[in-house]
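As a basis for the values below, the full set of heavy atoms in this structure was taken, side chains included, without hydrogen atoms, waters or symmetry mates. Residue numbering restarts at 1 for every chain, and letters A, B, ... go by the order of the sequence lines.
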Amino acid sequence: MAEPKTNELMEKIVSLGKRRGFIFQSSEIYGGLNGFWDYGPLGAELKRNVKDAWWSTMIRLRDDVVGLEATIIMHPQIWKASGHVDTFSDPMCDCLLTRKRFRADQVDPQSGNAYNFTGARDTVSGGEMNEPYSVLLPAGKPPESARKTAMAYYALRGVTQPELLGERVEAVVDSQRYNPENGSLLTEPRPFNLMFKTYVGPVADEDNVAYLRPETAQAIFAQFKNVADTCRQKVPFGIGQIGKAFRNEVTPRNYIFRSREFEQMELEFFIKPDEAIEVLSGTVANVSAEAWKGEPQADWGWEVWHKYWVEQRVRFYEAIGLPRTAFEEYWQKPEELAHYARACVDLLYKFPFGTQELEGIAARSDFDLTQHETHSGKAMGVFDEELRAAWGKLDEARKASLRANYVAAKTAAGLKKGATEAEAAKQAEALATIFFEKLAKGQYLPHVIEPSAGVDRLILALLCHAYSEVTTTDEKGKSETRVILRFHPRIAPIKVGIFPLLKNKPELVKKAMAVRDLLRPHMAIYYDDGGAIGRRYARQDEAGTPFGLTIDFDTLGEKPELLDTVTLRHRDTGAQERVAIADLLGRLLPLIR
RNA sequence: GCGGGUGUAGCUCAAUGGUAGAGCGCUAGUCUUCCAAACUAGUUACGAGGGUUCGAUUCCCUUCACCCGCUCCA
């Protein structure tokens, strides 16, 4: 439930965002454009700092990750291979029972008796659920099976022992509203053309349709071989990218949280398949050993790597001022996982409007590289000399057991997708043959761990987290509320405000400008000589500037022992200290980097 | 996409069928020796389009944007 208070907070943040030039509505003078936002001067600095922090942490400070900057428009085949074209382009309905998705116009028309229910009562708790539901029963089938389906539907939504309410039977002819496989009602058809479409070249016809990328990840997969061949990295290694992505969301909402043009910071970290780890290391490290808290090891399989990256990402957020406690980790349940994922953790931030995803860290297996290998016809695998040698030394029993495990896993996956046991087993055997033939030669498709963060969401989280109000009451009993944005110095848009104590004393102004010129090449500064000093402090507090420097008469030598020192004021405490101008860079730089 | 609400200055709000005020902010000046001081001057608005009307910011319609709830978010 959105309490008025949280809504109020969001309104204050939106208002501050505009007032101080963090975030503006796109095209505001023309009435704005739903789902598009611009960053003003302070927002642009903040965003740049956040991206720089990510780029530095994830790429520059690591030996095992390299960068990429790919185009926004790519070959349309990429989106075929990734599955985006199919799932993103037509009106779709979902089965309310199995969540299976259908193209609305391709559902086989069904006729029979529709059993409509108005809801269900929980015979255990006594609670009632008033969601209508309907099941279509082909002529001649016993009504009991419709009720069974309906009970399953309500059970799925938390009614443990449902008693159906308001049953009403109605004849239906040629309806496309029901799942032909189980009779369950489908959701309303919804447009799924979530990709922005455009045309490459001057002629707008269907032969040159292209899409603005709905995620940055696919570019990394598509360029995987080029990067791997040129960057002198060996698996495990990662490719990181920051860039714009576009989704024609049905409902952009919550300020910049879900917008149609947004920016992602994504890492695709490529690792060896667990089978290769077993061949090379004899065993795959156990997650419960908590090794993932330390430095990467050669015997890490995908589960440890996955945990490792979750931990790394949390540490990143801590380093820019979002404490661990501000997050919830949500481990997606197996049935919630997207088709490509083996596991996925959402890092949720407690926004005023609800606890929502800031970053997803998915274990994508070798799904994407396999897809691109299939669709492009280009080999995406890598070759590992050590792996080939290690395989050669393996005894036959070990090889057989590796294969048996692989077949068992693939069979289980096949069954999950709805294949029959025989089909699944046959497919698994075929896959195993290909996989192990390659493995024996030291070849494999890397698997992937994908930490994928939304920049704009993060900006919003940082704004929410930094926002605070301080109310002071003066001697006259007049109270006043001031806003302070408590940004971590590393990401604060302006690092230091520089103020001559008085504006009408040329010596002070001159000295202040000298300090400004000293610091300016090294950090974002703001020089301000307008109004009283307190006002200038307050203005910088509201902008989130962590430090203020005041040049006063002591700086000029009024007290000789204080010559060439300035007041350093700390935003969060208001505390002041005296620092020599010569020491400023040495003091400030470590705090902002 | 559906339902409800809102839209007046940079921000927060007011008034009005006869074109609008305040507070804060912002700019300039005077002044000011460390936390939004004071004074003076200045600055800026009826989301857009159409209709009714002698006249619309006000009433009506459409549209756009934002907020809330549902929905959606592979």
Side-chain angles (χ1 to χ4, degrees), chain A residues 1-4 6-8 10-12 14-21 24-37 40 79 82-89 91-92 94 99 101 131 187-192 194-195 214-215 247-255 257-260 262 336-341 346 353 356-357 360 362 454 470 472 474 476 478 480-484 497 499-505 508 529-542 548-556 558-559 566-571 573-576 578:
Chain A
M1 276 290 117
E3 290 179 34
T6 64
N7 187 21
E8 211 176 284
M10 272 312 287
E11 279 172 16
K12 281 178 176 174
V14 172
S15 164
L16 177 72
K18 177 164 188 195
R19 183 156 44 87
R20 292 311 309 253
F24 305 126
Q25 227 183 330
S26 166
S27 325
E28 199 196 73
I29 59 168
Y30 289 101
L33 192 57
N34 191 353
F36 295 89
W37 300 89
W79 308 112
S82 69
H84 285 82
V85 168
D86 291 334
T87 50
F88 263 35
S89 47
M92 309 287 276
D94 300 315
R99 295 214 167 123
R101 178 154 287 153
E131 279 177 40
T187 59
E188 292 292 325
R190 290 173 298 236
F192 259 71
L194 293 193
M195 280 198 291
E215 61 172 36
R247 292 186 197 181
N248 222 337
E249 297 285 356
V250 178
T251 315
R253 208 41 99 72
N254 289 326
Y255 202 27
F257 181 79
R258 175 173 295 121
S259 46
R260 291 188 165 128
F262 57 101
E336 293 170 337
L337 291 172
H339 56 283
Y340 50 72
D346 290 337
F353 48 84
Q356 297 272 330
E357 182 185 346
V470 174
T472 48
D474 62 17
K476 294 170 196 153
K478 192 178 148 200
E480 185 176 63
T481 300
R482 297 190 301 128
V483 173
I484 303 180
F499 319 113
L501 184 60
L502 297 177
K503 186 188 182 180
N504 60 357
K505 298 285 185 293
L508 286 178
D529 59 13
I533 188 73
R535 170 180 297 267
R536 288 179 256 161
Y537 286 149
R539 268 199 286 251
Q540 290 308 310
D541 286 347
E542 205 176 54
L549 294 177
T550 303
I551 287 77
D552 60 16
F553 293 96
D554 289 334
T555 314
L556 301 176
E558 199 167 271
K559 288 193 195 112
V566 296
T567 303
L568 169 62
R569 173 193 180 259
H570 297 262
R571 172 196 65 202
T573 56
Q576 298 192 346
R578 206 71 201 178

Can you tell me the Watson-Crick or wobble partner of [N], both distances under 3.5 angstrom?
N: B/A9; result: none
N: B/G3; result: B/C68
N: B/U19; result: none
N: B/U40; result: B/A28
N: B/C59; result: B/G51

So, using side chain to side chain contact (heavy atoms under 4.5 Å, CB included) as the criterion, who are the partners of A/T567 when residues are at least two apart?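 If we apply the side chain to side chain contact (heavy atoms under 4.5 Å, CB included) test to A/T567, skipping adjacent residues, the hits are A/T550, A/D552, A/Q576, A/R578.
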For [X], report the nucleic acid contact type (base, sugar-phosphate, nothing); a contact means any heavy atom under 4.0 Å.
X: A/D554; answer: nothing
X: A/S15; answer: sugar-phosphate
X: A/Q576; answer: base
X: A/Q540; answer: nothing
X: A/Y30; answer: nothing
X: A/E28; answer: nothing
X: A/K503; answer: base
X: A/N34; answer: sugar-phosphate
X: A/G35; answer: sugar-phosphate

Can you find an N or O donor on one side and an acceptor on the other, under 3.5 Å apart, linking the side chain of [X] with the base of [N]?
X: A/T567; N: B/C34; answer: yes
X: A/R253; N: B/G69; answer: yes
X: A/R569; N: B/C35; answer: yes
X: A/N504; N: B/C31; answer: no

Nucleotide of [options] approaching [X] most closely (side-chain heavy atoms):
X: A/R535; options: B/C35, B/A37, B/A74; answer: B/A37
X: A/E215; options: B/A74, B/C68, B/C66; answer: B/A74
X: A/F553; options: B/C35, B/C66, B/U33; answer: B/U33
X: A/Q25; options: B/A36, B/C34, B/C66; answer: B/C66

Considering only atom [atom1], compute the distance from [N] to [M] and round it to an integer number of Å.
N: B/A28; M: B/A20; atom1: P; value: 29 Å
N: B/C35; M: B/U71; atom1: C1'; value: 49 Å
N: B/A41; M: B/A48; atom1: P; value: 31 Å
N: B/U8; M: B/G47; atom1: P; value: 6 Å
N: B/U53; M: B/C70; atom1: P; value: 44 Å
N: B/C46; M: B/G69; atom1: C1'; value: 29 Å
N: B/U63; M: B/C2; atom1: P; value: 10 Å
N: B/U43; M: B/G10; atom1: P; value: 14 Å

Please name the residue in the list A/R571, A/R569, A/R536 that meets the salt bridge (Lys or Arg N to Asp or Glu O under 4.0 Å) test with A/D541.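 Considering A/R571, A/R569, A/R536, a salt bridge (Lys or Arg N to Asp or Glu O under 4.0 Å) with A/D541 is found only for A/R569.
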Rounded distance (Å) that lies between atom [atom2] of [N] and atom [atom1] of [X]:
X: A/F353; N: B/G69; atom1: CZ; atom2: P; value: 11 Å
X: A/R578; N: B/C34; atom1: CZ; atom2: C1'; value: 10 Å
X: A/D346; N: B/A74; atom1: CG; atom2: C1'; value: 14 Å
X: A/R539; N: B/U27; atom1: CZ; atom2: C1'; value: 11 Å
X: A/D529; N: B/U33; atom1: CG; atom2: P; value: 15 Å
X: A/R260; N: B/C64; atom1: CZ; atom2: C1'; value: 13 Å
X: A/I533; N: B/A38; atom1: CD1; atom2: C1'; value: 17 Å
X: A/R536; N: B/G25; atom1: CZ; atom2: C1'; value: 17 Å

Quick one: CD1 on A/I551 to NZ on A/K505, what's the gap to the nearest 0.5 Å? 15.5 Å
With a 4.0 Å limit, can you tell me whether A/K18 has a side-chain N or O closer than that to the phosphate oxygens OP1/OP2 of B/C11?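 The answer is yes; a side-chain N or O of A/K18 sits under 4.0 Å from OP1 or OP2.
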Please report the shortest heavy-atom distance between [X] and [Y], naming the atom on each side.
X: A/F24; Y: A/K18; result: CE2-O, 3.5 Å
X: A/W37; Y: A/S259; result: CD1-CB, 4.1 Å
X: A/Q25; Y: A/G31; result: NE2-O, 4.2 Å

Would you kindly compare A/W37 and A/E542 by the position of their nearest RNA chain B nucleotide and give the one closer to the 5′ end? A/E542
Please tell me which of A/V14 and A/F257 maps to the more 5' nucleotide of RNA chain B, matching each residue to the nucleotide holding its nearest heavy atom.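 Between the two, 5'-proximity favours A/V14.
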Main-chain N/O of A/F36 paired to A/R260 side chain as donor or acceptor, under 3.5 Å: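 A pair under 3.5 Å: no.
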Main-chain N/O of A/R539 paired with A/R20 side-chain donor or acceptor, under 3.5 Å: yes
Indicate, with yes or no, if the rings of A/F257 and A/F353 have centres closer together than 6.0 Å. yes
